[in-house]
Amino acid sequence: MFFRMMKQLYSQGIKEKMLIFATILFAAALITAILTVSFDIGDKMNRELKSYGANIRVVPAVQAGISEDQRSAKLGRYIEEQYIGNIKTIFWTNNILGFSPYLSGELTEVGTGRKIKAVGTWFQKELSLPTGEIMVTGIKDLKKWWEIDGRWPSEQTNPNGILVGKRLAKEMNLKTGDSLILTLSAESSEKSLEKSFMIDGIISGGGEEEEQVFISLEQMQDFLKLPGKVEELEVSALTVPDTELAERAEKNPALLSEADYETWYCTAFVGAIAYQIEEVIPGTDAKAIRQISDSEGNIMKKVEKLMFAFSLAALASAALGISNLMMTKVLERQREIGLMKALGASNGNIVALFLVEAGLLALIAGMVGFSLGLGLAQWLGQVVFQSFITIKWLVLPITLVISVFVVVIGSLSALRFISRLKPADVLHIG
């Protein structure tokens, strides 16, 4: 009898059922898109934020905590270039997006005698890793906000290519394609090393880089007679926002319990990654660039709150829409409900009838909405991140449960009306 009644219910009120179906479908699609994007947005947001600079700075341990003036005085301690590739051997190796070393000094332009701040670095260096893999990394990956008039130099194709800051190029009347002859010192009595460079690009970055010249690290090491040495290293890594555990570990990881230490070490906190970098590069001190890492964490938290607010708004709207539709449906069928009660049906029997009817609609609409939501998520991924969003099949059962939950919540007022309805009030004549 129950199934006969269900069949009859589905053959009536097609318009209301279609409206309920559409309401659940759009809510399910939106929830699916939000959940799918939310599960994948962490890495993608982190990758987008990495275009604004490195978030870890590595310096020789002896230089940690001293002033810039002291550091530039060169205390005789450097990072060994041969160990830099070890960064890709840490536990969070896949979270290391890029890195580049620096070695700076003052060079002189041959002819004019003008002193220029020069920085030796990697532009686009093919690095052989200890794992046997080849990785291309350098400041091109770390300084994505720089605007380059011309092209990026490459150690492989043109080892004498350089970048010149915009303000410096304007003062010296330089442009791409020009040559620049530099030496360590024009005042030395001894013949200094002179090198001729070609300007591949002009930098517009808005900072001190506009007054500097960037040459390959190897060329700078030759000028300073410091083969295989670098002053510091910048690293760009995917991280998660710090928690109370990360804050305690930053003070002193040795004070953590064994369980807390393992949890911290195996979580992609910026402090944990910096700590592991210190382990694989001897004699270094790696610290988070807090302006970058803290900003990333704050942005991620705000984005998560925004997504949560959108989800609540979608659910509330769907519940309100279903509430109105279910109440209309119950009012139209109140004589039928009164007759069922008069024939002996309990409130529980009638409520179960309506809930099963609405629940089946919710499951079907939820599955269709899930498919539409995946398409919406991929569209958002292409528009916002220019990449596909990873499909998480865990979203399907969550979407179905939420769809049924929204229908139940939206039906509460109608079900309350059913339980209070008296047969005598709707079956009387007149």
Side-chain angles (χ1 to χ4, degrees), residues 50 53-93 95-107 117-131 133-143 153 155 159 163 184 208-209 212-237 239 250 253 270-290 292-293:
K50 289 300 167 287
N55 54 352
I56 297 175
R57 184 168 181 260
V58 186
V59 298
V62 71
Q63 295 188 26
I66 67 174
S67 69
E68 290 294 329
D69 291 339
Q70 290 175 304
R71 186 171 292 118
S72 63
K74 297 184 172 53
L75 302 181
R77 297 286 185 88
Y78 298 91
I79 299 172
E80 295 291 336
E81 185 181 2
Q82 61 179 322
Y83 297 123
I84 294 177
N86 292 352
I87 290 177
K88 290 295 287 181
T89 65
I90 67 172
F91 180 83
W92 289 105
T93 179
N95 286 51
I96 303 296
L97 302 181
F99 47 89
S100 185
Y102 300 97
L103 181 63
S104 60
E106 190 177 75
L107 300 181
K117 173 67 177 297
V119 179
T121 187
W122 293 344
F123 296 113
Q124 305 172 71
K125 183 176 177 63
E126 287 187 3
L127 182 66
S128 298
L129 302 175
T131 59
E133 299 173 307
I134 300 296
M135 177 182 183
V136 178
T137 188
I139 61 171
K140 183 179 180 181
D141 295 326
L142 300 185
K143 311 292 184 181
E155 285 82 352
L163 295 177
L184 181 61
E208 63 178 3
E209 65 276 353
Q212 298 173 345
V213 168
F214 289 81
I215 68 177
S216 71
L217 178 63
E218 186 177 355
Q219 301 278 19
M220 197 66 193
Q221 289 170 340
D222 288 345
F223 274 126
L224 301 180
K225 297 180 180 179
L226 292 171
K229 309 292 185 182
V230 301
E231 282 180 314
E232 63 180 80
L233 181 69
E234 284 187 339
V235 182
S236 178
T239 60
E250 186 175 3
V270 64
I273 293 178
Y275 182 82
Q276 292 172 33
I277 290 174
E278 292 178 358
E279 290 181 322
V280 297
I281 302 183
T284 59
D285 186 87
K287 295 296 181 185
I289 302 175
R290 280 297 164 190
I292 302 293
S293 59

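What you see is a predicted model; the values in this text were computed from it and never measured.
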Please list, chain by chain and in numerical order, all residues satisfying side chain to side chain contact (heavy atoms under 4.5 Å, CB included) with [X], sequence neighbours excluded.
X	value
Pro282	Tyr83
Lys287	Asp285
Pro159	none

If you take all heavy atoms of [X] and [Y], which pair is closest and at what distance?
X	Y	answer
Pro153	Leu163	CD-CD2, 3.5 Å
Leu107	Ala118	CD1-CB, 3.6 Å
Leu129	Gly85	CD2-O, 3.9 Å
Leu233	Pro101	CD1-N, 3.5 Å
Ile96	Ile273	CD1-CG2, 4.0 Å
Ile79	Glu232	CD1-CA, 4.0 Å

Report the distance from atom [atom1] of [X] to atom [atom2] of [Y], rounding to the nearest 0.5 Å.
X	Y	atom1	atom2	result
Lys88	Thr93	NZ	OG1	4.0 Å
Phe123	Ile215	CZ	CD1	7.5 Å
Ser128	Glu133	OG	CD	11.0 Å
Ile281	Gln276	CD1	CD	12.0 Å

>> Under a 4.0 Å threshold between the charged nitrogen and the carboxylate oxygen, would Glu234 count as salt-bridged to Lys143?
In response: yes
>> Can you tell whether the side chains of Glu106 and Lys117 come within less than 4.0 Å, N to carboxylate O?
In response: no
>> Suppose we screen for side-chain hydrogen bond (donor to acceptor under 3.5 Å, both in side chains). Which residues come up paired with Ser100, at least two apart in sequence or across chains?
In response: Thr121
> Which residues satisfy the side-chain hydrogen bond (donor to acceptor under 3.5 Å, both in side chains) test with Lys140, sequence neighbours excluded?
Replying inline: Gln124
Between [X] and [Y] (side chain of the first, backbone of the second, donor and acceptor by atom type, cut-off under 3.5 Å), is there such a pair?
X	Y	answer
Ser104	Val119	no
Lys125	Thr137	no
Ser236	Gly98	no
Asn95	Thr239	no

>> According to ring pair (Phe, Tyr, Trp, His ring centres under 6.0 Å), who are the partners of Tyr275, at least two apart in sequence or on a separate chain?
In response: Trp264
>> The test is side-chain contact (heavy atoms from CB on, under 4.5 Å); show your working for Glu81 and Lys229 and say whether it passes.
In response: CA-CA 6 Å; Glu81 185 181 2; Lys229 309 292 185 182; over 6 Å; no
> Can you list the steps and then say if Glu279 with Phe91 is a side-chain contact (heavy atoms from CB on, under 4.5 Å)?
Replying inline: CA-CA 11 Å; Glu279 290 181 322; Phe91 180 83; over 6 Å; no
> Heavy-atom distance under 4.5 Å between the side chains of Ile84 and Trp122, does that happen here?
Replying inline: yes
>> Within the 4.5 Å heavy-atom criterion, are Tyr78 and Leu103 side-chain neighbours or not?
In response: yes
>> Using side-chain contact (heavy atoms from CB on, under 4.5 Å), reason through Glu155 and Glu218 one step at a time and then give a plain yes or no.
In response: CA-CA 9 Å; Glu155 285 82 352; Glu218 186 177 355; over 6 Å; no
>> Set out, in order, the CA-CA distance, both residues' side-chain angles and the distance that settles side-chain contact (heavy atoms from CB on, under 4.5 Å) for Ile139 and Tyr102, then state yes or no.
In response: CA-CA 10 Å; Ile139 61 171; Tyr102 300 97; 3.3 Å; yes
